[in-house]
Amino acid sequence: MKKKRTLLHSLGVGLAVVLALVAYAYGFQVTKVDLAETKSEHRQEQLTRILRALAHPQLFEYDTEDHMVSLPVMVPCPDAGFEAPTPTDTSEPYITMTPACAEPRAKVMIEGFNFEPYGTGPINFLPNGSDVNLQIGKIEADENGHFEVEVRLSNRPSEEVQEIQAITRTKVGAPRWTQTARDTWDKIVETVFLALLATTFGTLLAIPLSFIAARNLMKDVKNSLLGMSLAILFIPVGAYIGILISKWLSTLSQNLTSSTLLTFVGFVLGAVITWWGIRREMNRDEDSIANQKIARGLEMLVIGLIGVLTSYLLSALAMNVGEYLSEHLGSLGFLGRFIRDLGDILGMAIGVMTALTGAGILSGFASKSALKLNRKADGVIHILQIVLTAAAGAFLFWLIALVLNWFYQYNNYQALYWWAVILGGLGGLALGIFTKPRQTMPTGLVVYFAVRTVFNAIRSIEPLVWAIIFVVWVGIGPFAGSMALALHTIAALGKLYSEQVENIMEGPLEAIQSTGANRLQTIIYGVIPQVVPPYVSFTMYRWDINVRMSTIIGFAGGGGIGFLLLQNINLLNYRAASAQMLAIAIVVAAMDYISSAVRERYV
Amino acid sequence: MLSIKNLTKIYDGGVKALNDVSFDVPQGEFLAVIGLSGSGKSTLLRCINRLIEPTDGDIFWEGMNIAKANDDELRLVRRRIGMVFQHFNLVHRSSVLTNVLSGRLGYVNPAMSVFNRFPKSDIENAMKQLERVGIADKAHHRADELSGGQQQRVGIARAMMQNPAIILADEPVASLDPVLAHSIMQYLEKINKEDGVTVLCSLHFLDLVHRYADRVVALNNGQLMFDGKPDEIDDEKFKEIYGREAERVG
Ligand SMILES: Nc1ncnc2c1ncn2[C@@H]1O[C@H](COP(=O)(O)OP(=O)(O)OP(=O)(O)O)[C@@H](O)[C@H]1O
Ligand SMILES: [Mg+2]
């Protein structure tokens, strides 16, 4: 019995080995493994050439000086014979030819003395009556500056005395950086900053997203069907109102910003009012507020509007000042451009923030209303729930239809909208009828799965491919590269971060929750202190990856040193390519060292 | 008065951890909860502030049914119920002071607390609570630099910051040596006697029950087996609570 089983087992192992062999053989075939090719002389020669070029990165160049030594010769020998003149000074470089005259195409010995030790250069034949230099040999002086080389004379017979020249080239003065080195430096700086920007923005966005991609924080987020429907109906409306408000304030601020001075005064005034308002708001404690809700809401609204307007003014101010500085700071003009761009980014960010705030306020309003409505009798709730769920379903499907139409540009899109509304409405109706009132839905888990899925989808596409997409959008250059890297960073870090959140100790979290803290407070006091070390560690790790990626993102047009490298490889300019590879190696090694040092300190 | 009516908890796996448990706790009482390991003590205490969702039953307190409270109401209830844990559950990388102040999170302005700003009065109160448990000098240490006994005192200070009407203590001394256990229990006793805070405390040692509790409820397999004064637990009752084979020690 036992024997049989081992036999079967061995057969299994044998089969597995055969299968593995087949798999590898197939792998070799599809990857076109060709060992004969690697051994062919021609290929090996090429490899040697490339490796030698790579070993000589084109970094330094020197001014050179040519030393020329010439010798009169006769080709062919005249009947009278020919004697070369003896050198005037045998301590200076000179050459001799033996014999001193010869037939065209004859082999002769050329010997040189007193040259630069290890000096190199051409030996040229200068025929009579023409300006050409015919190279007939090469100088390779030994440590005493002596060389001896056999050359074949050119086929240029003449009655007259002709000339052989030996030229050596010596480097004079200090080494200078080559143009390649300077270009490499420019591009490697660009590369490092590309990685820096991508990592910074990626991290900033990944942190908040990681909390909604963490199962342990999201599993308790549950809403009643009523609350969910209200949220679906209200949140897009809130975002829309937010966008409208930001547009209105943006035009308003443009009217105010005709002069920089006015802008400045407006900004200072707005900032003071906003600051005062926020202080006033924060110093109230929660219980004293309950009675004067409406007054407080209005006050907050006004302060919020002033705050947004102030931010727009700040953005305009930064753009004006930045523009001015970039024109007047000379070589430091990039600081001015930076300020201007910051202003621009702020301007765009305000729109997004206002939309988010609008959505947030109305979603809070929706959940408050849901809490109130859920106190009513079951029958009332049920009817409300049916109506609202149907409306929410119709609305949601309509939004989806809008997105679909945007992508596919249907001809008959009106019909699509109608179908979407009807289907969504019916689905909502059914859900509303068959769900018990006050039953909770796991909205948190739905969001969790959605965010995780998006993360995984984005992460599975390499930054190089993203770079291609962004190049199409914003054109070739480091901007496309940094957006591609930032996007990939958000997805990758979002996932890594959220896994860390899922690993934290549950106890402290419960303790914070049991004090009556709300969700945001729980995250700030219970979660964040626990995840700081892994977050720092993963951010540094990602920074490392981003530096590495940014060195090749140029292959896809994403800027940085990769573009230069690719170009030089394509031009077979291996010595320049070698300089770029050297730069990449140095930067990557340095970043590796720095990031591990930072990680050690924080973990 | 805290009034628990027909409380039942069935976990997702089908374990019936609480089975139709009902009892009342008058304000200001020191109530011990005893029972074998796995009898449902933790489940009971954690149902009271809804760290665990009860499957069925009601918990009445101050005119409200905690078991049915919505999120907003629950936060208002939770901030008046302090909790002390067996494993202290401090946030290790935060300072002792921050840990204590986090007891105020249900009260302070949420926007303010986001920036780790607390009203001056809260900070003063936190120092006072730390003084009360004798570790004011540790206020600015990281929580994980403290010994177990010190950490539990921070846990008590945190609960006291909530200005609680009730403290739920789930085996607060089970990770501590006997001497420390008494000192922690004395703090709870002081809070109970001086501040009139109701204390519900699950305990494993009957001598602690006799020494500190006004009243005892006992669980066995999720069922309420006993409800009475500590010295009413005679040998017969003891065997009912802890099983036939149990030997009484101490
Ligand atoms: N999250 C959970 N999921 C499923 N079952 C659980 C869970 N928590 C506890 N239980 C089960 O519920 C029962 C009661 O557990 P509980 O933790 O309340 O007991 P306990 O009296 O506190 O025990 P101990 O003295 O060991 O702390 C046990 O059978 C336990 O296995
Ligand atoms: Mg327990």
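Per chain, numbering begins at 1; letters A, B, ... match sequence-line order.
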Side chain, backbone, both or neither: which part of B/Leu90 has a heavy atom under 4.5 Å from chain A?
backbone
For A/Phe365, is the CZ atom crowded, meaning more than 12 foreign heavy atoms sit under 6.0 Å from it?
no
Report, as yes or no, whether the 6.0 Å neighbourhood of atom NZ on A/Lys222 holds more than 12 heavy atoms from other residues, nucleotides or ligands.
no
Neighbour count above 12 (heavy atom, 6.0 Å) for B/Lys68 NZ:
yes
Would you say NZ of A/Lys219 has more than 12 non-hydrogen atoms from neighbouring residues, nucleotides or ligands within 6.0 angstrom?
yes
Applying ring-ring contact (aromatic ring centres under 6.0 Å, His included), name anything that partners B/Phe30, two or more places apart in sequence or on another chain.
none
So, B/Glu73 and A/Arg375, do they make that salt bridge, N to O below 4.0 Å?
yes
Surrounding CE of B/Met127 (heavy atoms of other residues, nucleotides or ligands, distance under 6.0 Å), is the total greater than 12?
yes
Residue, of B/Asn116, B/Leu101, B/Asn49, B/Asn99, that accumulates the most heavy atom pairs under 4.5 Å with chain A
B/Asn116
If you draw a 6.0 Å radius around CZ in B/Phe60, do more than 12 non-hydrogen atoms from other residues or ligands fall strictly inside?
yes
Which residue out of B/Met83, B/Arg46, B/His87 racks up the most heavy-atom pairs below 4.5 Å with chain A?
B/Arg46
Which residues in residues 513-526 of chain A have any heavy atom lying under 4.5 Å from a heavy atom of chain B?
A/Gln513, A/Ser514, A/Thr515, A/Gly516, A/Ala517, A/Asn518, A/Leu520, A/Gln521, A/Ile524, A/Tyr525, A/Gly526
Nearest heavy-atom pair of A/Leu371 and B/Asp71: which atoms, and what distance?
CD2-N, 4.5 Å
Please check: side-chain N/O of B/Arg93 versus main-chain N/O of A/Pro529, any donor-acceptor pairing under 3.5 Å?
yes
Do you know which of B/Pro119, B/Ser113, B/Gly155, B/Ala159 has the most heavy-atom pairs with chain A at a distance under 4.5 angstrom?
B/Ser113
Between B/Arg158 and chain A, with a heavy-atom cut-off of 4.5 Å, which part of the residue counts as in contact: side chain, backbone, both or neither?
side chain
Side chain, backbone, both or neither: which part of B/Arg80 has an atom under 4.5 Å from a heavy atom of chain A?
neither
Of the backbone (N, CA, C, O) and the side chain (C-beta and beyond), which part of B/Phe115 lies under 4.5 Å from a heavy atom of chain A, both, or neither?
side chain
Taking side chain as C-beta onward, heavy atoms only, is B/His92 less than 4.5 Å from A/Met505?
yes
